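To keep things clear, I will list the structure first and then write my remarks on it.
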Amino acid sequence: MKIQFKNIAVAMVAALALTSCSNDDDSETISGEGTLKLEFDNVYGDANFAFNTPYTNSNGEVIKASNAIYIVSNIVLTKEDGSTYTVPKADSYFFVNEADAESTLLSLPNIPAGNYNKVSFGIGVDEEQFNAGADGQGDMWTNAQALGMTWSWAAGYKFVKFEGTYTSATTTTETQYKVHTGKTGDVYNYASVTLDLPENALVRTNITPQVHIIADLKKVIDGTTVINFDEGASVMGGTKVQNIMANNVPNMFEVHHVHND
């Protein structure tokens, strides 16, 4: 009888040891810092985006784009537990320029290791940053000027620049169009975007996730608000810009997938 109890006790100790080993194998200590990349892949509706390619909008106008730039700013990453990490403001302004492939891949270093399931960012330069004055802009203002992404200092930055030519049923000769968004009068027009990730981005010291974001440029001018260039081919202010930034731009982004390599 004593031998039987002894055998049971030995079996229980062995089982506990196995359980402990199993738990150790399954657990992961997440610590340190890593890098996360955001890839902005421009499309036009269901088509890949390319310059000087004809695309037909819902109003029948056919556009051929020759310039497409937007400012991504103030990036915030959310972990699966709801906690957030805000990329330092000084390191959180990017000019995504279709003509410069390197600019479409944003590399964010020194991110606390963790499982991230959401990314938020702005389109444009936020009012707080602009109010820091010329001295508070660092190289950003100079870089923006080089890309044609500024007006006068009083008017500030262009948040989105989308240019090219268009034709329509009544405008049969290719005519230049310009869409420049930014501050209009007292309305600042900064747009905010929040995207859920279809799978967690696993930031580790040895894993650099890449979040593939689709940016549908068609929605800049042919989204909730439809811009008719026959009504005015230069869209640079007033309610049209307000509607683009309030209704169209926040809906032009979605996450396609996440690489955890």
Side-chain angles (χ1 to χ4, degrees), residues 38-72 94-106 121-124 143-151 157-182 184 189 191 193 195 210-257:
L38 301 179
E39 177 188 3
F40 285 84
D41 183 4
N42 293 329
V43 301
Y44 202 87
D46 296 330
N48 290 326
F49 179 77
F51 289 139
N52 303 312
T53 299
Y55 301 107
T56 302
N57 291 335
S58 63
N59 58 6
E61 293 180 346
V62 178
I63 69 107
K64 293 181 181 179
S66 58
N67 203 336
I69 308 174
Y70 46 90
I71 300 175
V72 173
F94 302 89
F95 298 92
V96 177
N97 180 4
E98 174 66 20
D100 177 7
E102 289 186 5
S103 75
T104 65
L105 183 61
L106 316 187
F121 53 88
I123 297 297
N143 294 338
Q145 283 182 313
L147 292 171
M149 294 296 286
T150 63
W151 281 303
Y157 293 89
K158 298 172 186 176
F159 300 164
V160 176
K161 182 166 71 168
F162 190 46
E163 300 175 333
T165 61
Y166 88 98
T167 56
S168 70
T170 55
T171 304
T172 55
T173 300
E174 289 192 352
T175 301
Q176 187 177 43
Y177 76 83
K178 293 182 179 181
V179 177
H180 297 169
T181 76
T184 58
N189 292 318
V193 179
L195 302 174
Q210 184 164 314
V211 180
H212 189 140
I213 299 173
I214 300 296
D216 186 356
L217 294 174
K218 181 178 182 181
K219 291 184 178 178
V220 173
I221 57 176
D222 193 20
T224 304
T225 296
V226 176
I227 301 300
N228 294 290
F229 290 124
D230 274 340
E231 297 174 355
S234 292
V235 181
M236 300 186 186
T239 56
K240 287 185 178 180
V241 164
Q242 292 172 26
N243 288 336
I244 287 172
M245 293 302 291
N247 302 326
N248 291 6
V249 168
N251 296 313
M252 64 181 277
F253 302 95
E254 67 173 322
V255 178
H256 188 270
H257 61 269

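The figures that follow rest on heavy atoms only: side chains count, while hydrogens, waters and symmetry mates do not. Keep in mind that this is a model prediction, so the values were computed, not measured.
- In this view, Tyr70 and Phe253 satisfy the ring pair (Phe, Tyr, Trp, His ring centres under 6.0 Å) rule, not counting sequence neighbours.
- When each of Phe49, Phe162, Phe40 is paired with Glu98, the side-chain contact (heavy atoms from CB on, under 4.5 Å) condition holds for Phe49 and for no other.
- Separation of atoms CE (Met252) and CD1 (Ile214) is listed at 11.0 Å; rounding is to 0.5 Å.
- Pro54 approaches Val62 most closely through the heavy-atom pair CB-CG1, 3.8 Å.
- For the atom pair CD1 (Ile244) and CD1 (Ile221), the distance works out to 8.0 Å, reported to the nearest 0.5 Å.
- Contacts of His212 classified as ring pair (Phe, Tyr, Trp, His ring centres under 6.0 Å), with partners at least two apart in sequence or in another chain: His256, His257.
- Here the straight-line distance linking atom OG1 of Thr171 with atom CD of Glu61 works out to 7.5 Å at 0.5 Å rounding.
- With hydrogens and angles left out, the side-chain atoms of Asn189 and Thr184 include a donor and acceptor closer than 3.5 Å.
- Looking at every heavy atom in both residues, Asn247 comes nearest to Asn251 through O-ND2, 2.7 Å.
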field: Steps toward side-chain contact (heavy atoms from CB on, under 4.5 Å) verdict (Val179, Ile227)
entry: CA-CA 10 Å; Val179 177; Ile227 301 300; 5.5 Å; no

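- At least one side-chain heavy atom of Val235 sits under 4.5 Å from a side-chain heavy atom of Val241.
- For Asn97, there are no side chain to side chain donor-acceptor pair (under 3.5 Å) partners two or more places apart in sequence or in a different chain.
- Here the side chains of Val249 and Thr181 are not in contact, with every heavy-atom distance at 4.5 Å or above.
- Residues that satisfy the ring pair (Phe, Tyr, Trp, His ring centres under 6.0 Å) test with Phe229, not counting sequence neighbours, are Tyr166, Tyr177.
- Ser234 contributes atom OG, which lies 8.0 Å from atom NE2 of His180 (distance to the nearest 0.5 angstrom).
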message: The test is side-chain contact (heavy atoms from CB on, under 4.5 Å); show your working for Lys218 and Tyr55 and say whether it passes.
response: CA-CA 9 Å; Lys218 181 178 182 181; Tyr55 301 107; over 6 Å; no

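- Between Gln145 atom CD and Tyr157 atom OH the span is 8.5 Å, to the nearest 0.5 Å.
- Contact check for Val226 versus Asn57: no side-chain heavy atoms found under the 4.5 Å cut-off.
- Evaluation of the salt bridge (charged side-chain N to carboxylate O under 4.0 Å, His left out) test over residues 161-173, restricted to residues two or more places apart or in two chains, returns none.
- Residues Leu147 and Lys158 form no side-chain contact, since every pair of their non-hydrogen atoms from C-beta on lies 4.5 Å or further apart.
- Ser66 and Gly164 get closest at one heavy-atom pair: OG-CA, 3.5 Å.
- The heavy-atom pair separating Trp151 from Gly182 by the smallest distance is CZ3-CA, 3.9 Å.
- The heavy-atom pair separating Asp222 from Asn248 by the smallest distance is N-ND2, 4.3 Å.
- Considering all non-hydrogen atoms of both residues, Thr165 and Glu174 come closest at OG1-OE1, 3.6 Å.
- Every residue meeting the side-chain contact (heavy atoms from CB on, under 4.5 Å) condition with Glu231, not counting sequence neighbours, appears here in chain and number order: Asn228, Lys240.
- To the nearest 0.5 Å, atom CG of residue Asn59 and atom OG1 of residue Thr56 are 9.5 Å apart.
- Side-chain contact between Val255 and Val211 is present, with heavy atoms from C-beta onward closer than 4.5 Å.
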